[in-house]
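Read the numbers this way: they start at 1 and go in the same order the structure lists the ligands and their atoms. All heavy atoms count here, side chains included; hydrogens, waters and symmetry mates do not.
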Amino acid sequence: MQFEIVIMDKISVRRVRELEAVGRSVILQGWVRTRRDSKGGFSFLELNDGSCVPNIQIVADADLPTYETEIKRLSAGCSVTVCGLVKESSGRGQATEVQATEVTVHGWADPQEYPLQKKRHSFEKLREWAHLRPRTNAFGAVARVRNAVSRCIHDFFQKHEFLYVHTPIITASDCEGAGEMFRVTTIDPKKVPTLADGKVDYTCDFFDRPAYLTVSGQLEAEIYATALGKVYTFGPTFRAENSNTSRHLAEFWMVEPEMAFYELNDNMQLAEELLRWLGHALLDQCAEDLQFFCDRVDDQVFTRLQNLVQEKEFARVTYTEAVELLKASGEDFEFPVSWGSDLQAEHERYLTERKFNAPVILYDYPDTIKPFYMKANDDNRTVRAMDVLVPAVGEIIGGSEREDRLDVLETRMRDQGLNAEDYWWYVDLRRFGTVPHSGFGLGLERMVQFVTGMANIRDVIPFPRTPGSAEF
Ligand code: ATP
Ligand code: MN
């Protein structure tokens, strides 16, 4: 069978810009970015279809039948189909251009009303136009990088024989034990059924019990890991934390591998390999978009990725050592550092950006600041937790070895005020064929921030959900 038998073919802007396209008759479809009329009796259209940052230049001669009536009225945002012949271009920064034989307009965009005029808008302003911002260079590039990160995450785990399992979005258990969960209910807030003592009668609710949107797929992933070995879940997670920062969303995506027979060191090794693999793959697959971010957003984009992929091991530092380093730093932190308190973003940033200028893995955290499922160390005061910190973002991965001893787990649950009976199925995994096992969560948006240098997490997810904001 022969390919390329169709002479007239739809092609993306990305492909038509390649020299190999010269000589082909093509169909291009997209949105006009600009129109320039030349004195010689023709017009240039810059067309973009979201396949790459640069546009394709269309040359439309005055003898086209719709030239005066339509082509000369085109402006930013209009949608068109262009048929034409690909030619070599003498213009700067472009190998090819398209000589139009036909231009069909699908939709006009009144230049008095269309918000995305030539002037550059701030990312803050563009958040108000989340329905139009993917038509800009920056948000097109973010969408492509986000796609590439997602695909590479799957590639990595599939290559290493992990099974992709789908964990539920609606759950009755609070994995992080932090209580920052969104409630899922069909109870009418105007007619709340109550018990004799005044408490809500959840037997009248849809699930016969309180239910929430998940904060993590980990507990369910452990079920599959302790049956099938190596698994990962990759989906949306929800946290009702009222923190208005540039690194927190109420709805974000997380990839969570969970591995049987992995101890903390194996877990760290896997986290490191995943990040390195992503670095290599993105340098390879997204060079043009990364160049855009490097030129327009953050000139450290390539430096950071190149540091990441270098073969040297990430620094591995215990929480206790980190506290000592922070105390000795002489920095004037907003939040004081003391053993037993959670590290703040400013502390994480100091360690990864200033102290090590490289990714750092912190491990062995105080048991008082970590959830019940993390494995206790013999010192009776720390657990086998690990966080990976990277420059520009701070914490990008959080994980641990899981407590696999029944009695220790039950004690930890009791200490944290949890009822082991509510988690009977989780506890059962320690009663039947328990194994050492570990896992972690990598925030997709934080990874995209790290790669692109985009400062605000609201700009690396198409439709950010944050306190007080759920438009679109
Ligand atoms: P942080 O300390 O930054 O609030 P966390 O310790 O609560 O994060 P984990 O529960 O360890 O986060 O979640 C694992 C990973 O998920 C984090 O390392 C981060 O990459 C990502 N993540 C956590 N919370 C959020 C959020 N609200 N928005 C976006 N990503 C998040
Ligand atoms: Mn964490």
Side-chain angles (χ1 to χ4, degrees), residues 146 149-150 153 167 171 173-182 213-219 221 232-258 264 267-268 270-272 274-275 278 314 319 322 335 341-349 351-352 359-363 365-366 368-374 383-402 438-451 454-470:
R146 191 178 160 107
V149 175
S150 306
I153 285 171
T167 48
T171 172
S173 47
D174 176 0
C175 174
E176 294 302 304
E180 290 166 328
M181 304 180 85
F182 289 101
L213 294 178
T214 186
V215 294
S216 160
Q218 177 202 320
L219 302 189
Y232 68 108
T233 97
F234 189 8
T237 43
F238 306 86
R239 301 207 181 163
E241 47 196 352
N242 200 357
S243 46
N244 256 305
T245 77
S246 58
R247 314 185 308 156
H248 289 92
L249 291 163
E251 174 177 321
F252 65 99
W253 284 65
M254 187 153 63
V255 56
E256 295 178 274
E258 190 69 36
L264 187 62
N267 205 21
M268 291 187 198
L270 183 75
E272 198 169 323
L274 169 63
L275 292 180
L278 290 177
F314 293 0
Y319 168 90
F335 296 91
S341 64
D342 215 352
L343 298 184
Q344 302 291 324
E346 56 174 346
H347 308 134
E348 297 174 351
R349 300 282 290 263
L351 290 169
T352 179
V360 185
I361 307 183
L362 298 189
Y363 64 102
Y365 280 74
T368 46
I369 56 172
K370 290 294 181 185
F372 70 92
Y373 53 73
M374 295 191 177
V383 289
R384 289 185 196 167
M386 62 156 207
D387 278 5
V388 183
L389 317 180
V390 293
V393 171
E395 181 186 330
I396 197 165
I397 285 179
S400 70
E401 185 171 343
R402 318 306 187 189
S438 301
F440 61 82
L442 164 68
L444 176 63
E445 288 75 20
R446 300 229 180 133
M447 186 65 201
V448 178
Q449 281 191 282
F450 174 78
V451 172
M454 293 293 281
N456 196 307
I457 199 165
R458 291 165 180 78
D459 299 328
V460 296
I461 187 166
F463 306 105
R465 267 65 179 124
T466 51
S469 157

Mind checking side chain to side chain donor-acceptor pair (under 3.5 Å) for Ser341 and listing every partner two or more places apart, or none if nothing turns up?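 Counting only residues at least two positions away or on another chain, Ser341 forms no side chain to side chain donor-acceptor pair (under 3.5 Å).
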What are the atoms of ligand 1, with element, lying closer than 4.0 Å to any heavy atom of [X]?
X	result
Met254	13 (O), 14 (C), 15 (C), 16 (O)
Gly441	14 (C), 15 (C)
Ile457	29 (C)
Glu241	24 (N), 26 (C), 27 (N)
Gly398	11 (O), 18 (O)
Arg247	3 (O), 28 (N), 29 (C)

Is Arg146 salt-bridged to Glu445, going by a charged N under 4.0 Å from an acidic O? yes
Sidechain-backbone polar pair: His248 side chain, Arg239 backbone, donor-acceptor under 3.5 Å: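 Not a single qualifying donor-acceptor pair exists.
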Judged by atom type as modelled, is there a donor-acceptor pair below 3.5 Å linking the side chain of Thr214 to the main-chain atoms of Thr237? no
Do [X] and [Y] touch side chain to side chain, with heavy atoms closer than 4.5 Å?
X	Y	result
Val448	Ile461	no
Ile153	Leu278	yes
Arg465	Phe182	no

Hey, looking at [atom], which of [options] has the closest heavy atom?
atom	options	result
atom 25 (C) of ligand 1	Phe440, Phe252, Phe450, Trp253	Phe252
atom 11 (O) of ligand 1	Glu395, Gln449, Glu348, Lys370	Glu395
atom 7 (O) of ligand 1	Glu445, Met386, Arg465, Arg239	Arg239

If the contact criterion is a heavy-atom separation under 4.0 Å, does Arg446 count as touching ligand 1?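 Right, Arg446 reaches ligand 1.
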Begin from the C-alpha positions of Val390 and Met447 and carry the test side chain to side chain contact (heavy atoms under 4.5 Å, CB included) through to its verdict. CA-CA 10 Å; Val390 293; Met447 186 65 201; over 6 Å; no
Short N or O distance, His248 and ligand 1, threshold 3.5 Å exclusive: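 Min N/O separation from ligand 1 is below 3.5 Å for His248.
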Flag Gly443 as yes when one of its N or O atoms lies below 3.5 Å from any N or O atom of ligand 1, and as no otherwise.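 Yes.
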Between Val215 and ligand 1, which residue portion shows a heavy-atom distance shorter than 4.0 Å: side chain, backbone, both, or neither?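 Contact part for Val215 vs ligand 1: neither.
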Name all residues meeting the salt bridge (Lys or Arg N to Asp or Glu O under 4.0 Å) criterion together with Glu272; count only those two or more places apart in sequence or in a different chain, and write none if there are none. Arg276, Arg316
